[in-house]
Number of protein chains: 4
Amino acid sequence: MKLALIGAGRIGKVHAQAIHSHPDVTLAAVADHHQPAAQALAEQYGSRAVSVDDIFADSRIDAVLIASSTPTHAEYLERAARAGKAVLCEKPIALDLERTRDALQVLDDNPVVCALGFNRRHDPQLAALKQAIAQGRIGSLETLTIISRDPLPPPAEYVVESGGLFKDMMIHDLDMARWLLDEPIKSVFAVGSSIIDPAIGEAGDVDTAMVTLTTASGKLCQISNSRRACYGYDQRIEAFGSLGMLQAQNESDTRLRFTGEAGQVEEKPRWFFLERYAEAYRLEISDFVAAWKEGRPPLAGARDGLEALQLAEAAERSLREGRNILMDTLV
Amino acid sequence: MKLALIGAGRIGKVHAQAIHSHPDVTLAAVADHHQPAAQALAEQYGSRAVSVDDIFADSRIDAVLIASSTPTHAEYLERAARAGKAVLCEKPIALDLERTRDALQVLDDNPVVCALGFNRRHDPQLAALKQAIAQGRIGSLETLTIISRDPLPPPAEYVVESGGLFKDMMIHDLDMARWLLDEPIKSVFAVGSSIIDPAIGEAGDVDTAMVTLTTASGKLCQISNSRRACYGYDQRIEAFGSLGMLQAQNESDTRLRFTGEAGQVEEKPRWFFLERYAEAYRLEISDFVAAWKEGRPPLAGARDGLEALQLAEAAERSLREGRNILMDTLV
Amino acid sequence: MKLALIGAGRIGKVHAQAIHSHPDVTLAAVADHHQPAAQALAEQYGSRAVSVDDIFADSRIDAVLIASSTPTHAEYLERAARAGKAVLCEKPIALDLERTRDALQVLDDNPVVCALGFNRRHDPQLAALKQAIAQGRIGSLETLTIISRDPLPPPAEYVVESGGLFKDMMIHDLDMARWLLDEPIKSVFAVGSSIIDPAIGEAGDVDTAMVTLTTASGKLCQISNSRRACYGYDQRIEAFGSLGMLQAQNESDTRLRFTGEAGQVEEKPRWFFLERYAEAYRLEISDFVAAWKEGRPPLAGARDGLEALQLAEAAERSLREGRNILMDTLV
Amino acid sequence: MKLALIGAGRIGKVHAQAIHSHPDVTLAAVADHHQPAAQALAEQYGSRAVSVDDIFADSRIDAVLIASSTPTHAEYLERAARAGKAVLCEKPIALDLERTRDALQVLDDNPVVCALGFNRRHDPQLAALKQAIAQGRIGSLETLTIISRDPLPPPAEYVVESGGLFKDMMIHDLDMARWLLDEPIKSVFAVGSSIIDPAIGEAGDVDTAMVTLTTASGKLCQISNSRRACYGYDQRIEAFGSLGMLQAQNESDTRLRFTGEAGQVEEKPRWFFLERYAEAYRLEISDFVAAWKEGRPPLAGARDGLEALQLAEAAERSLREGRNILMDTLV
């Protein structure tokens, strides 16, 4: 696969490395609105820096990875689809439902393999959790508890442009909930506080939130988010069912254990998503390439982005209105 | 302390043993509406079987432990107060708020040391959790996650007379939430399902439930309950704050660990409350005796019973009406 | 059982409490060479202080628990046997083999139920380990690894009179090895150092030691001892076999876990033997009473004391002579 | 660095991948006595298959990685040194001391950067252990306990040609002991049994062994080896000192945890060295390249191979003669 990368920032670099280490993918080109960044990254991996227009015009390019800034995602996704190129797009497609639905319409009209960057679905531990549930290890799934905490809150100004806690951070947990519950969400209830950084509250967002989901068959799910965990990225999921419980636990760099006067001490969890989901980024590329080769849908697609965004919007509305939101009453 | 025990059933026996092993307490008398049961228990511990009326009439008896059936609690509590005897009453005082408030009024008019059987407050691990939070180990408490699962659902007929999941089972978790959050609860939201035993649903109750609490200062709390965990009694609390996280974990009989083809295996959690909270029952007696000696309030008192019952009622109403309940709007 | 206690010191008090809490045992008398100590302990448990001679002369006394100083053990053991009383004797019977063998001869001539205070055999976790091995959980046992560390070294003067590390401390581990390996020990090899407290070395003892045992069938065992672990009493055993591994792990007061900037922290192991083996002392009394009632040998008997002492002597000789000692070459 | 690989077998493939993923190394050539294997591996990574002679004759090649069969190591090592090429040689250099010493002499006469494949020194967890000891985390190191078990015994015929348990398997643990104890070994004592596979015993080797080391300053070390652990590769090290204990623990693929009727189950350890030390192989290449660039010795060098081999020979002699071997009495 000849793959072009749009976006040479932090996450673009992670993808470039994953692309490089994949035996069947060539990093065909790199584009960035800041041309020197594209240049530097292209050189590092023996590729070439081009413009975005060049990429869509180049018929030798099979696929595009969109890792540019959020407001550009939907447009590039549509251009890729219209150019007949497979596309792996960082989430979100857009921060509003209408723009997202428009992009999905273009994909419907121009069917290409389209993967969305819900990186957690590719994490080995979370994938093993999904598989174990699917194989009936815990019998019938009854409840799900998702705890997800960032190490540090973002600057308040980022909070606004990123879409706020529900669309920027909890959206990953909402996607996990959908993926693991594996049936339509019936209701969404949210509470939230701004108790970590007052500036976040002043910017109109919350830094601590809890959401409760129910499904049509009566499964229940709780999600707990915090923008600041002093010990690092806290990423745990507990699935409970008729035959037992599965717990995805935090990972640390090594399992070295110290016992001394302070107690029995194990390492902190990995610091943030780049450390925790390093392997997931590699496997995301693998799944994208395999889906493209086999003509099958990737593990997470554009529609998953829309569905998660709908839940995030419902959570926002629940918080705003102080009430439980029934999903089937949403337009 | 000369202590009389009313109720010689399962929980009465647990208390009798705890009383016997306490150096400063004498089991002065045992009463039970089934006289042979009182007789047998009295003999086992060198005490005597009497009638309930005898107990309240006997001026040598300092204190009464009420472990009889729930509908008798409020009356015996009031009689103990009027007789000027200290009282340790199994929870709940009553299943409705009005009856509970009446009993509290009698206690206000006849002040005696009155302890309520919220056994978990006496558990060494949960007490250590409370103390660590109070000492600032995690800085400012921000969120609380309580997971509480019984090993087996009760018979559906018991479900009704016991007051249902919220008043019979979750009431312990609501008390824990109040105790640890340590500030007024502002709102209560509940979801629930009957997905374990259809008979429980037919009896008008749920067997799986999740509740979200908020406090005035913006702390958030989630409680998750299930009536059936095939691996035993699941009793965990996670307190998260600005400086870290404290987790009360399940306890097992021993820490013997087996590693074989099936993986690395540790023992299941203790089976149910009698096994898990055996030590708590002993410490509950100790606290009661110490409170009586020192003239101080015990760790959990009658008002805690009323407050927890109000939260349970709010949760029931939330589930029934599908909406978030603000506590200050409750009469 | 009417039981008399000889010795009202630290370990005597532990036994007195265990006796008191046992429903079928009466603490009939307490003796101590320091009479006020006997008096105080007797009063605490509603017993009476007497002389040692009184105990052996009193035909109403069924059994004697010897918790006096080590040099008196053998004599009191023999007097108990001659008086036809069951006896539970703190280890060791004596610090030399000859005196121990003499006592065993008296027991052979005057057969009574005789239990020796190898407390660890009664610990729930170690008993579960023994049972799991016996039930074939790990198939054929092949190797054993015993790690045993005290929290603090004893004063150097105690080291000498107690018989030194091998007879005072490792003897418990040698007994564990015998009990779990369950076949004759073929060879003993020891190394040791005085690297914690120079005074211990000057007193002719070691404070750190490792021993290797082999059995006739080829099982191998390692024991590691240290007189000082800053984090508390370290008591672990690992049994490895054809079908897996069993690990007895350290126990702590609670399982409360803290996660913060310093890592994920669990409590230290319990501080020393009184904390770690509190339950074992209670179960030791139970086993003694049951053995007496049922006329069966107790879990650990006088011969186990002799056998463990022989291994300790072999270890001492190995260390002294720098060579492997074959047990069948010992007289 | 232009690096040539000799040996395209199992371990050669692991190295080829590690070379490929290193940004500063080019896989310049691949040789194997089985030419098609070299051809296939060369093609996979865009390299070329050549003869061993070609490699040593090619002045553009900076370095050689020797991953061919054991009997060829010493010769290729010497040829690399004489050709002035840096060399990373799989362990052992040779199975006998004399041949090893000859190779070291050639290296002395022809100084090149020479790394020996003691892969464990590069493992992140074991490196963190080493670093924590060096930083004084446990104060003064006093004892070391190394447990090392393979998942499956090798065929008895391999046992012989590989040099037997001590030279083939325990040599890694002996190197770890040297590295962590960080002072001369004074004595070696070994016991061993053939209790897993009788064919191994018939071939003159043991399948289960324990070794005790002492150092000049009085540190003590125990090593326990088994050729078969049904649950996978068991790789643990415990370092104990005046301020605490460090434990390197087994690693598993994920930390997913299941709790059900069978208990609380975590995954088995990784199956064998390729899984457990995958990261170590990558870091070994990194260290080799860095040492070559910086002109510093690599983390493990040829002399470490000689020293570990001397300890393995001493252990063999101890087992054979049933006695403790003092290292300074060895020629």
Side-chain angles (χ1 to χ4, degrees), chain B residues 123 125 145-153 173 195-197 207-208 210 222-238 240 244-277, chain D residues 123 125 145-153 173 195-197 207-208 210 222-238 240 244-277:
Chain B
D123 175 67
Q125 186 176 178
T145 305
I146 301 179
I147 289 174
S148 173
R149 295 170 183 139
D150 284 354
L152 284 174
D173 305 300
I195 47 181
I196 294 168
D197 180 357
D207 50 36
T208 304
M210 288 181 168
Q222 285 178 324
I223 301 172
S224 178
N225 271 189
S226 170
R227 284 286 198 179
R228 188 259 299 107
C230 69
Y231 48 79
Y233 200 39
D234 197 345
Q235 293 283 295
R236 287 172 290 144
I237 299 181
E238 175 173 319
F240 173 78
M245 167 169 69
L246 285 159
Q247 292 169 299
Q249 302 186 97
N250 283 320
E251 300 190 351
S252 52
D253 281 347
T254 85
R255 302 211 188 173
L256 187 64
R257 184 183 161 98
F258 170 74
T259 305
E261 292 200 359
Q264 311 190 45
V265 188
E266 303 210 335
E267 286 179 10
K268 285 186 288 189
R270 289 195 166 128
W271 180 246
F272 208 178
F273 66 100
L274 291 181
E275 293 83 11
R276 172 64 184 84
Y277 292 119
Chain D
D123 175 66
Q125 188 176 176
T145 304
I146 301 179
I147 289 174
S148 173
R149 296 170 183 139
D150 284 355
L152 285 173
D173 305 301
I195 47 181
I196 293 168
D197 180 358
D207 50 36
T208 304
M210 288 182 170
Q222 285 177 325
I223 300 173
S224 179
N225 272 188
S226 171
R227 283 286 198 180
R228 185 262 299 107
C230 69
Y231 49 79
Y233 200 39
D234 197 346
Q235 293 283 296
R236 286 171 291 144
I237 300 181
E238 176 173 318
F240 174 78
M245 166 169 69
L246 285 159
Q247 293 170 298
Q249 303 186 98
N250 283 320
E251 300 190 352
S252 52
D253 281 348
T254 85
R255 302 211 188 171
L256 188 63
R257 182 184 164 97
F258 170 74
T259 304
E261 291 199 1
Q264 311 190 45
V265 188
E266 303 210 335
E267 287 179 11
K268 286 187 286 191
R270 290 195 166 126
W271 180 245
F272 208 179
F273 66 99
L274 291 182
E275 292 83 11
R276 173 64 184 84
Y277 293 120

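Chain letters run A, B, ... following the sequence lines, proteins first and then strands; every chain starts at 1.
- Considering OG1 of Thr259(D) and CG of Asn250(B), their distance stands at 8.0 Å, rounded to 0.5 Å.
- Only the backbone of Ala262(B) comes within contact range of chain D, with at least one heavy atom under 4.5 Å from a heavy atom of that chain.
- Chain D forms the most heavy-atom pairs under 4.5 Å with one residue out of Lys268(B), Gln264(B), Glu261(B), Glu266(B), and that residue is Gln264(B).
- When all heavy atoms of Cys230(D) and Gly260(B) are compared, the pair lying nearest together is SG-CA, 4.2 Å.
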